[in-house]
Amino acid sequence: MSKDKTKVVERLQSRITPENRIFVKKNLAISEQIVTILKQKGWTQKELAKKLGKNESEVSKLLSGLHNLTLKSIAKLEAELESDIIITPLEACEKYKTTEYVKFKVYVPVRTSVDEMNCAYVEEETIEYQPTYQKMII
Amino acid sequence: MNIFVRIERLEKFQFKKVKYFSVHFEENEVNEFYDFLNRMEDLEIFTEELSNLLVWIEEIGKNYGAQKRFFRDESETADVRALPPPRKQMVLKKIEVNDLRLYCMVLNEHVVIFFNGGNKTTDKAQYCPNVAHYFKQANQLTQKIDQLLKSGEIRWNSGFTDIEYENNLELEL
């Protein structure tokens with residue numbers, strides 16, 4: 001029996017495994033991270049290729065989101081970029097545990113009466129939203 | 001003999017950030033992208049690659065947009081780009097998954113046209129018995145579509161996120 005050529009997408013989509021989805025999503029996320037670091041450093045792909053001892057074409061393959069990146073090549077990239085590309089959830093917890101949080105006081109304009117357009121700046125935490133008080137978008 | 005081809009919107013591949021299209025040869029049952037998928041579907045060596053490719057197309061379409069880095073240049077007339085063209089010339093691109101090649105044209109970050117492709121077995125696409133024909137065809141199609149963009153027969157929508165053209169628009173190869 002000949003196959004229905006118009007249904008090829010449905011047939012192929014039914015073969016997609018969770019592993020395929022994870023592979024592509026992580027691959028693209030890694031590519032995005034590398035490009036972000038390059039931007040921060042002001043490096044071009046050509047410069048990265050030179051530092052890695054690869055040609056530009058190989059680097060563009062690494063950034064395509066479809067290349068099977070090895071841990072070794074990621075380690076090499078992290079070493080050259082002097083920056084993390086991937087970080088595990090445990091490492092992330094450790095890293096961000098020491099993050100300092102700064103508290104801001106926020107003052108928002110509120111209408112002081114329903115009839116008048118008078119406006120007062122009030123610390124957001126202290127606002128009691130009574131019927132006569134309304135948040136005013138400026 | 002002239003072959004007539006029309007541009008076909010891939011209805012199953014319309015995403016927030018990228019709209020995908022293909023080309024349909026008048027004598028064929030399906031468009032070139034579907035033909036590529038049908039032919040590769042039977043090759044067991046590419047089961048994994050095809051699954052990854054479909055997920056990738058969807059992810060790019062939903063979350064990233066067709067950014068330059070996701071596609072690689074593949075132009076037979078690459079040296080043409082060294083000359084100063086009157087206006088930016090579109091070049092043929094390829095999607096590479098191991099030895100699998102899918103030729104395409106990236107109009108901008110929001111519009112991509114898929115052609116055909118196959119299992120590339122030689123260093124140069126021009127000499128590969130599997131892809132040489134599709135490679136040459138994709139080059140011709142790229143040039144024709146570029147001309148249609150220049151002539152205004154294919155137009156951009158106001159946000160440059162999609163293209164518009166008459167339903168009966170045909171290219172002649």
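Letters go in sequence order (proteins before strands), and every chain restarts at 1.
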### Message
Quick check on B/Asn167: does its CG atom have over 12 non-hydrogen neighbours (other residues, nucleotides or ligands) under 6.0 Å away?
### Response
no
### Task
Could you check A/Val8, A/Asp4, A/Thr6 and say which one makes a side chain to side chain contact (heavy atoms under 4.5 Å, CB included) with B/Val30?
A/Thr6
### Summary
Under 4.5 Å to a heavy atom of chain A? For B/Phe13 that would be side chain
### Task
Verify the cluster assignment for B/Val97 and B/Tyr134: are they in a single hydrophobic cluster under the rule of side-chain heavy atoms below 4.5 Å apart?
no
### Message
Looking at chain A, which one of B/Asn31, B/Leu54, B/Ile60 has the largest number of heavy-atom pairs inside 4.5 Å, strictly under?
### Response
B/Leu54
### Query
Are B/Phe25 and B/Phe36 connected in the hydrophobic side-chain network, where two residues link if heavy atoms are under 4.5 Å apart?
no
### Message
side-chain contact (heavy atoms from CB on, under 4.5 Å) for B/Arg69 and A/Gln45? Distances and angles first, verdict last.
### Response
CA-CA 10 Å; B/Arg69 73 172 187 274; A/Gln45 283 186 36; 4.2 Å; yes
## Note on the structure
Most heavy-atom pairs under 4.5 Å with chain A, out of B/Trp56, B/Phe70, B/Tyr64, belong to B/Trp56
### Task
May I ask you to check whether over 12 heavy atoms, not counting those of A/Lys41, lie within 6.0 Å of atom NZ?
yes
### Task
Indicate, with yes or no, if A/Leu81 and A/Leu62 share a hydrophobic cluster defined by side-chain heavy-atom contacts under 4.5 Å among Ile, Leu, Val, Met, Phe, Trp and Tyr.
yes
### Under 4.5 Å from a heavy atom of chain B, the part of A/Val35 involved
side chain
### Task
Could you tell me which portion of A/Ser57 (side chain, backbone, both or neither) has an atom closer than 4.5 angstrom to a non-hydrogen atom of chain B?
both
### Task
Flag yes if A/Leu77 and A/Leu63 sit in one hydrophobic cluster, no otherwise; membership is Ile, Leu, Val, Met, Phe, Trp, Tyr, and two members link when side-chain heavy atoms are under 4.5 Å apart.
yes
### Message
Please tell me whether A/Ile74 and A/Trp43 are part of a single hydrophobic cluster in this structure, the criterion being side-chain heavy atoms less than 4.5 Å apart.
### Response
yes
### Rounded distance [0.5 Å steps], NZ in A/Lys5 versus CD in B/Glu41
10.5 Å
### Query
Between A/Glu19 and chain B, which part of the residue has a heavy atom less than 4.5 Å away: side chain, backbone, both or neither?
side chain
### Task
Sort B/Leu37 into side chain, backbone, both or neither according to what part of it lies under 4.5 angstrom from a heavy atom of chain A.
both
### Query
With a 4.5 angstrom heavy-atom cut-off, which part of B/Leu10 approaches chain A: side chain, backbone, both or neither?
neither
### Over 12 foreign heavy atoms within 6.0 Å of CD, B/Glu44
no
#### Entry: Heavy atoms from other residues, nucleotides or ligands near CD of B/Glu166 exceed 12 (cutoff 6.0 Å)
no
### Task
Considering only heavy atoms and a distance below 4.5 Å, find which of B/Arg72, B/Glu59, B/Glu29, B/Glu96 pairs most often with chain A.
B/Arg72
## Note on the structure
Taken to the nearest 0.5 Å, the spacing of B/Glu49 CD from A/Leu66 CG works out to 9.5 Å
### Message
I'd like to know if the side chain of A/Asn20 reaches the main chain of B/Ser51, judged simply by a donor and an acceptor atom lying under 3.5 Å from each other, with no hydrogens or angles considered.
### Response
no
### Query
Taking everything shown except B/Tyr127 itself, do over 12 heavy atoms lie less than 6.0 Å from its OH?
no
### Gap separating the NZ atom of B/Lys68 from the OG atom of A/Ser60, nearest 0.5 angstrom
11.0 Å
### Summary
Value for NE2 (A/His67) from CG (B/Asn98), rounded to nearest 0.5 Å, stands at 8.5 Å
### Message
Nearest 0.5 angstrom please: A/Leu12 CG to B/Phe46 CZ, how far?
### Response
13.5 Å
### Message
Donor-acceptor check, side chain of A/Arg21 to backbone of B/Val55, threshold 3.5 angstrom: yes or no?
### Response
no
#### Entry: Point-to-point distance, once rounded to the nearest 0.5 Å, from OG1 of B/Thr47 to CZ of A/Arg15
5.0 Å
### Query
Which one, A/Val9, A/Asn27, A/Thr17, leads in non-hydrogen pairs under 4.5 Å with chain B?
A/Val9
### Query
Relative to chain B, which segment of A/Gln13 carries a heavy atom at a distance below 4.5 Å: side chain, backbone, both, or neither?
both
